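Residue numbering restarts at 1 for every chain, and letters A, B, ... go by the order of the sequence lines. These numbers come from the heavy atoms of this one structure, side chains and all, not from hydrogens, waters or symmetry mates. Small disclaimer: the values here were computed from a predicted structure and weren't measured.
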There are 2 protein chains.
Amino acid sequence: MSDQGISGEAGKPRPSARERAYEWICTAILSGVFSEGQFLDEAALAREVNTSRTPVREALHRLQAERFVELVPRRGAQVRVVNATEMREVYQARFVIESDAMVRICERRLGSPPESGELLEAMEAAGRDRNWNELAQLDQAFHSSIVRHRGNAVLSEMYDAMRPRQVRLSVRTITEVPERLPTIEHEHRRLKAALDAHDGELSVSVLDTHLREVPELVRAFG
Amino acid sequence: MSDQGISGEAGKPRPSARERAYEWICTAILSGVFSEGQFLDEAALAREVNTSRTPVREALHRLQAERFVELVPRRGAQVRVVNATEMREVYQARFVIESDAMVRICERRLGSPPESGELLEAMEAAGRDRNWNELAQLDQAFHSSIVRHRGNAVLSEMYDAMRPRQVRLSVRTITEVPERLPTIEHEHRRLKAALDAHDGELSVSVLDTHLREVPELVRAFG
DNA sequence: TGTCGACGACATGTATACACGGTGCATCCA
DNA sequence: TGGATGCACCGTGTATACATGTCGTCGACA
């Protein structure tokens, strides 16, 4: 998840214990193994990943930075509960960053990101298979690719930092309201088309519609 | 720095070792005790803060999340070098978030943040005392208060995450070009005035001027 | 004289032991 | 019977020992 932060790519000689712990916990939270608000037991996690508490603790700190968990002093790591207010704020923040990206992309006539086409196809495939988890990840990847296409690493990083919160909600939303899927796919195609047409205003207005829906659903379902 | 992340306020029973380590390293980096690119010795830091390596390591991980340092595998924590490209990106990102905040504030006719007045006064005092470090912190606090006034915690958090990078550059800039100080103060007052006048367009245009200067200086001084 | 390779010092990554504080339950008192 | 209090268990916070990989140095060889 994210890009491990630093050390770039290069051949991965061997995943460190910390890395394994991070991946394991990350996946577990996203796939709902732990319920929201639950406290995680460091020792139990260490056994699960087959390592000691130290790497687990370090992984938990990283997960805190990415807002997966909350570290309560003397109590431990609590799976973060994302309430409706925060989700609205996340969607506002997404709109701020993503609309700016689209405007700049259109100003510079860059067109849609090169990978956007295959991402859309992959999403449609995932939708047909009703693989909601995969779908949510791809949705995030699609939007993230747009922000990255703008060419500002700082903004991209910020945008991607919201990923955990978004993916968790996306899965819930699409699971509860799968009939919205065609609409979502249509909007994605419109977004891509607007970028290819270098039409900043249009793309922002489509994005506005697109991002407005989810918070409304959140409100509807609590 | 930042807000310790989680546990909110409440009486602080005693700063943990990790917290002390974090504060110490943070201050050291901002005040230039360590040079950019330098590797930090965990054991030495532990001796300095009078604790063991474990809390120091955890502090370093947090500092990595906040982009103070870069954790190179098997090499340790390296004080991050912020290059010109990244600084330009930071200022673009600031503009994106801060201009949105100003527009929303004006739309809702909220006026300038209540604390902005005294922050400006404090900045002028710090400027008279030629206390550049303090000045840079206050400058950051002023802009941060505007973003916070918009009322979106996610955006505020993102904005504040850029703090280390900004403060380091601000100190350098104002130290090298102190004659720009009156201009900066004047622009701050204009920003506050524009917000109080609920004039979104004006505030954004002033902000644009204000944020455009620093990257130019960066380019000039390398 | 320059380059390659082995060795040693040292710093990080990991494991584990101990200290401290919190939580929950049982017990006691009103 | 309800609530306060003390104690025991348990989990995190910290310290420290050990394992492992990296860098620099020194010497041998071409």
Side-chain angles (χ1 to χ4, degrees), chain A residues 4-26 28-29 33-35 37-65 68-80, chain B residues 4-26 28-29 33-35 37-65 68-80:
Chain A
Q4 135 72 333
I6 299 303
S7 67
E9 43 292 324
K12 39 196 74 163
R14 175 188 331 190
S16 69
R18 172 177 44 222
E19 196 59 24
R20 283 183 290 129
Y22 172 81
E23 293 291 347
W24 195 93
I25 303 170
C26 203
I29 292 178
V33 172
F34 304 122
S35 50
Q38 179 176 350
F39 278 95
L40 306 180
D41 185 322
E42 294 178 356
L45 293 173
R47 278 192 301 277
E48 202 72 48
V49 188
N50 205 38
T51 181
S52 76
R53 274 179 56 217
T54 310
V56 169
R57 281 178 66 82
E58 301 192 338
L60 288 174
H61 281 282
R62 180 169 162 200
L63 289 163
Q64 176 188 37
F68 270 99
V69 302
E70 189 152 342
L71 257 39
V72 184
R74 288 275 164 203
R75 292 291 310 280
Q78 184 178 32
V79 178
R80 203 132 184 284
Chain B
Q4 134 72 334
I6 299 302
S7 66
E9 44 290 327
K12 39 196 76 165
R14 174 192 328 191
S16 69
R18 171 175 50 224
E19 196 60 24
R20 282 183 290 130
Y22 172 80
E23 293 292 348
W24 195 92
I25 303 170
C26 203
I29 292 178
V33 172
F34 303 122
S35 49
Q38 178 176 349
F39 278 95
L40 306 181
D41 185 322
E42 294 177 358
L45 293 172
R47 276 192 301 276
E48 202 70 49
V49 188
N50 204 39
T51 179
S52 75
R53 273 179 56 217
T54 310
V56 170
R57 280 179 68 82
E58 301 193 339
L60 288 173
H61 280 282
R62 180 170 162 199
L63 289 163
Q64 175 188 37
F68 270 98
V69 303
E70 190 152 340
L71 255 41
V72 185
R74 287 276 161 204
R75 295 292 309 283
Q78 183 178 32
V79 178
R80 203 133 185 285

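A donor-acceptor contact closer than 3.5 angstrom is absent between the side chains of A:S16 and A:E19.
In this view, B:T54 and B:S52, B:E58 satisfy the side-chain contact (heavy atoms from CB on, under 4.5 Å) rule, not counting sequence neighbours. When the side-chain contact (heavy atoms from CB on, under 4.5 Å) test is applied to A:A65, the partners found at least two apart in sequence or on another chain are B:A65. With sequence neighbours left out, A:E48 forms a side chain to side chain donor-acceptor pair (under 3.5 Å) with no residue at all. Under the side chain to side chain donor-acceptor pair (under 3.5 Å) criterion, B:E42 pairs with B:R53, B:R57, sequence neighbours left out. With sequence neighbours excluded, no residue forms a side-chain contact (heavy atoms from CB on, under 4.5 Å) with B:R74.
For a distance-only test at 3.5 Å, the side chain of B:R53 qualifies as a donor-acceptor partner of the base of C:dG13. Contact of B:R18 with D:dT14 (side chain to base): no donor-acceptor pair of N or O atoms is detected under 3.5 Å. Side-chain N/O atoms of B:S16 and base N/O atoms of D:dT14 include no donor-acceptor pair closer than 3.5 Å.
Put simply, CZ on B:R20 is 10 Å from C1' on D:dT14, counting in whole angstrom units. Atoms CD (A:E58) and P (C:dT12) sit 12 Å apart, rounded to a whole Å. Taking atom CZ of residue A:R75 and atom P of nucleotide C:dG24, one finds them 7 Å apart after rounding to whole Å. Going from atom CZ of B:R74 over to atom P of D:dG21 covers 6 Å, rounded to whole Å. Whole-Å rounding puts the A:L71 CG to D:dG11 C1' distance at 13 Å.
Two residues are said to be in side-chain contact when any heavy atoms from C-beta on lie closer than 4.5 Å; A:V69 and A:I29 meet this criterion.
Map B:A77 and A:P55 each onto its nearest nucleotide of DNA chain C; the residue landing nearer the 5' end is B:A77.
Residue contacts for A:R57: at a heavy-atom cut-off of 4.0 Å it reaches a base atom on one of the strands shown.
Contact check of residues 39-52 of chain A against DNA chain C (heavy atom, cut-off under 4.0 Å) returns A:T51, A:S52.
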What pairs of nitrogen or oxygen atoms, one from the protein and one from nucleotides 6-9 of chain D, lie under 3.5 Å apart?
none

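Scanning both residues, A:A59 and A:Y22, for their nearest heavy atoms gives CB-N, 3.6 Å. The two residues A:V72 and A:Q78 make their nearest non-hydrogen contact at CG2-OE1, 4.0 Å.
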